[in-house]
Amino acid sequence: MDTSVANLVICEHCDAVHRRHELARGEVARCVRCQALLYRCPWLDVNSMFALALAAAVMFFIANTWPIVSLGLNGIHRSATLWGAIFAVASDGAGLVAVLVALMLFFFPLLQVILFGWILGFLRLHRRPPGFVPIMRILTAIGPWSMVEVFLLGTLVAVVKAGSIFDIILQPGIWAFAALTVLLTLVASFDLRRMWVLQRERCA
Amino acid sequence: MTTEAVATAADLDIVACHCCGQVCQHAAGDICCVRCGTHLHRRKRDSLSRTWALLLAAMILYVPANLLPIMRTGSLFSSQDNTILSGVVELWRNGSWDLAVIVFVASILVPLLKFAALLVLLISVQMGKDWRTLGRARLFRLIENIGYWSMLDVFVVTLLVALVHFQKLSRVDPGPGVVYFAVVVVLTMLASMAFDPRLIWDTAAVARKHADD
């Protein structure tokens with residue numbers, strides 16, 4: 001293994017070559033030429049990240065089993081879960097939208113929670129996670145397509161729009177989605193490149 | 001300029017794996033990452049033509065996405081078609097000016113900004129300009145980071161369709177516009193992923209060299 005090459009970092013955005021420096025907690029390294037983020041040292045260690053992933057898994061379960069909001073009209077009430085909404089859109093002829101929503105709000109976030117949890121769970125025990133390489137590929141690919149935070153804002157807009165006509169009751173699902181947004185943002189902000197370094201250091 | 005002093009990976013015959021970041025020696029021909037086995041290439045393949053194709057498709061579909069109704073609200077006596085723009089206007093009139101601004105930015109401003117930015121990036125790279133490289137690099141990162149917020153309206157319609165469903169009294173149905181709009185957002189995201197920002201610096205370096213000769 002060429003050690004001189006192993007110590008280099010190449011900016012993904014402009015191809016400039018940098019020498020890797022050790023960072024203190026919370027510091028980030030930026031490209032000297034285009035100022036893109038090169039790498040960072042996170043605030044949290046592997047154990048704390050694993051705890052966050054577990055918490056995200058619990059919140060994911062609650063967010064998808066409890067209704068998000070209820071509407072009332074003349075004493076009739078109607079509440080919606082995420083999957084209820086997906087099926088409603090699909091049965092009303094917008095199947096493609098239903099598929100996209102299911103992927104972006106259910107399957108991709110679910111995969112993120114499970115796969116991050118899996119990798120961090122093994123790394124904290126200093127063992128090599130089975131399937132490490134394909135899992136890292138999947139996590140890199142689905143990252144931009146997981147959109148829980150957009151959904152949270154969308155729920156707010158929908159509630160305000162419907163609120164001018166109907167009675168609105170917020171259900172536990174919306175709070176779980178809010179918590180999931182925070183947790184998933186923290187978990188997904190973990191630098192994936194750093195995972196490769198950790199994997200080598202911890203499982204040598 | 002300080003940018004003159006920067007060594008690029010292409011100069012040094014090395015390449016970073018786009019999956020794991022591992023730096024590998026890059027001789028001629030096909031090679032794979034020594035750490036994760038991903039196929040390596042110095043630049044995204046056919047970046048410009050793929051970006052053009054996805055961007056043009058998105059711009060064409062943006063027309064029906066805005067003209068066709070994204071949802072139909074109906075009650076016992078009347079039904080009404082809502083486009084993206086009429087949704088913003090309705091929010092504004094009902095006094096939620098703050099949400100109206102948010103929806104306007106996410107659904108109308110962000111897609112238009114993405115179209116304009118990608119056009120500027122594609123054309124400036126193809127004309128080989130050494131012009132505001134840092135500004136263009138920042139512009140690319142901006143549209144890459146904010147693009148997915150445009151899905152906002154799609155999620156709003158999805159939720160309203162599920163919630164407002166009181167038999168004949170009151171109901172909301174999705175319109176064809178929402179399908180087009182969702183596809184436009186996906187296409188613009190794919191377009192910005194297909195664009196290789198390294199081309200900004202490559203072409204600028206070539207242009208500077210020509211200017212020096």
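Letters go in sequence order (proteins before strands), and every chain restarts at 1.
Side-chain atoms of A:Arg124 never come within 3.5 Å of backbone atoms of A:Phe50 as a donor-acceptor pair (strictly under, hydrogens ignored). A:Ser189 places a side-chain N or O within donor-acceptor distance of the main-chain N or O of A:Leu186, the cut-off being under 3.5 Å. The backbone N or O of A:Tyr39 lies less than 3.5 Å from no partner atom in the side chain of A:Arg193, so there is not a single donor-acceptor pair. A donor-acceptor distance shorter than 3.5 angstrom exists from the side chain of B:Lys44 to the backbone of B:Met193, with no hydrogens or angles considered. At distances below 3.5 Å, at least one donor-acceptor pair connects side-chain atoms of A:Arg25 with backbone N or O atoms of A:Trp43. When atom types are taken as modelled, the side chain of A:Ser91 and the backbone of A:Phe87 share a donor-acceptor pair closer than 3.5 angstrom.
Neither the backbone nor the side chain of A:Ala141 has a heavy atom closer than 4.5 Å to any heavy atom of chain B. For chain B, the nearby parts of A:Pro144 are the backbone and the side chain; heavy atoms of each come within less than 4.5 Å. Using a 4.5 Å cut-off between heavy atoms, A:Leu192 does not touch chain B at all. Looking at A:Leu96, only its side chain comes within 4.5 Å of chain B, counting heavy atoms on both sides. Contact annotation for A:Val159: neither backbone nor side-chain heavy atoms come within less than 4.5 Å of a heavy atom of chain B. Proximity to chain B is absent for every atom of A:Met195, based on heavy atoms less than 4.5 angstrom apart. For a residue to count as touching a neighbouring chain, one of its non-hydrogen atoms must lie under 4.5 Å from one of that chain's; by this rule B:Leu152 touches chain A with backbone and side chain alike. Heavy atoms of B:Cys17 lying under 4.5 Å from chain A belong exclusively to its backbone. The contact between B:Val15 and chain A is made entirely by backbone atoms, counting heavy-atom distances below 4.5 Å. Only the side chain of B:Ser96 comes within contact range of chain A, with heavy atoms under 4.5 Å apart. Heavy-atom distances place both the backbone and the side chain of A:Thr155 under 4.5 Å from chain B. Only the side chain of B:Ala137 comes within contact range of chain A, judged by heavy atoms closer than 4.5 Å. For B:Phe140, the part sitting under 4.5 Å from any heavy atom of chain A is the side chain, from C-beta outward, and nothing else. Residue contact with chain B, scored on non-hydrogen atoms closer than 4.5 Å, involves the side chain of A:Val133 exclusively. With a threshold of 4.5 angstrom between heavy atoms, A:Val17 approaches chain B through its backbone and through its side chain. Neither the backbone nor the side chain of A:Ile165 comes within less than 4.5 Å of any heavy atom in chain B.
Residue B:Trp149 qualifies as enclosed at atom CH2: its count of foreign heavy atoms under 6.0 Å is above 12. B:Phe115 CZ: more than 12 foreign heavy atoms inside a 6.0 Å radius. A 6.0 Å sphere centred on CZ of B:Arg72 holds no more than 12 heavy atoms belonging to other residues, nucleotides or ligands. Counting non-hydrogen atoms of other residues, nucleotides and ligands closer than 6.0 Å to CZ of B:Arg132 gives a total of 12 or fewer. The neighbour count for A:Trp66 CH2, taken as heavy atoms of other residues, nucleotides or ligands under 6.0 Å away, does not exceed 12.
Most heavy-atom pairs under 4.5 Å with chain A, from the set B:Asp202, B:Val164, B:Val154, B:Val183: that is B:Val164. For the options A:Met136, A:Met147, A:Met104, heavy-atom pairs under 4.5 Å to chain B are most numerous at A:Met147. Contact count against chain A (heavy-atom pairs under 4.5 Å) is highest for B:Leu160 among B:Thr73, B:Ile200, B:Leu160. Residue with the most contacts toward chain B among A:Thr140, A:Ile68, A:Val69: A:Val69 (heavy-atom pairs, distance under 4.5 Å). In terms of heavy-atom pairs under 4.5 angstrom with chain A, the leader among B:His18, B:Arg136, B:Glu90 is B:His18. Ranking A:Cys11, A:Ser79, A:Ala88 against chain B, the residue ahead of the rest is A:Ala88, based on heavy-atom pairs under 4.5 Å. Heavy-atom pairs under 4.5 Å with chain A peak, among B:Val172, B:Asp11, B:Val186, at B:Val186. Between chain A and the options B:Leu163, B:Val178, B:Asp196, the largest number of non-hydrogen pairs under 4.5 Å is found for B:Leu163. When each of A:Ala36, A:Gly84, A:Ala80 is scored by its heavy-atom pairs under 4.5 Å with chain B, the top score falls to A:Ala36. For the options A:Gln35, A:His18, A:Glu12, heavy-atom pairs under 4.5 Å to chain B are most numerous at A:Gln35. Contacts with chain A were tallied for B:Arg35, B:Arg138, B:Met151; B:Arg35 has the most, counting heavy-atom pairs under 4.5 Å.
The aromatic ring centroids of A:Trp145 and B:Tyr148 lie 6.0 Å or more from each other.
Side-chain polar atoms of A:Gln171 and A:Ser70 form a donor-acceptor pair below 3.5 angstrom. A side-chain donor-acceptor contact under 3.5 Å links B:Thr38 and A:Arg137.
With values rounded to the nearest 0.5 angstrom, B:Leu12 atom CG is found 8.0 Å from A:Ile10 atom CD1. Residue A:Cys14 holds its SG atom at 12.0 Å from CG of B:Leu199, rounded to the nearest 0.5 Å. Remark: B:Thr188 OG1 to B:Leu54 CG distance equals 9.5 Å, nearest 0.5 Å.
In this structure, A:Phe106 and A:Phe60 have tilted ring planes: the angle between them lies in the 30° to 60° band.
Scanning residues 98-109 of chain B against chain A with a 4.5 Å non-hydrogen threshold yields B:Leu99, B:Ile102, B:Val103, sorted by number.
Remark: A:Asp15 engages B:Arg43 in a salt bridge, criterion side-chain N to carboxylate O under 4.0 Å.
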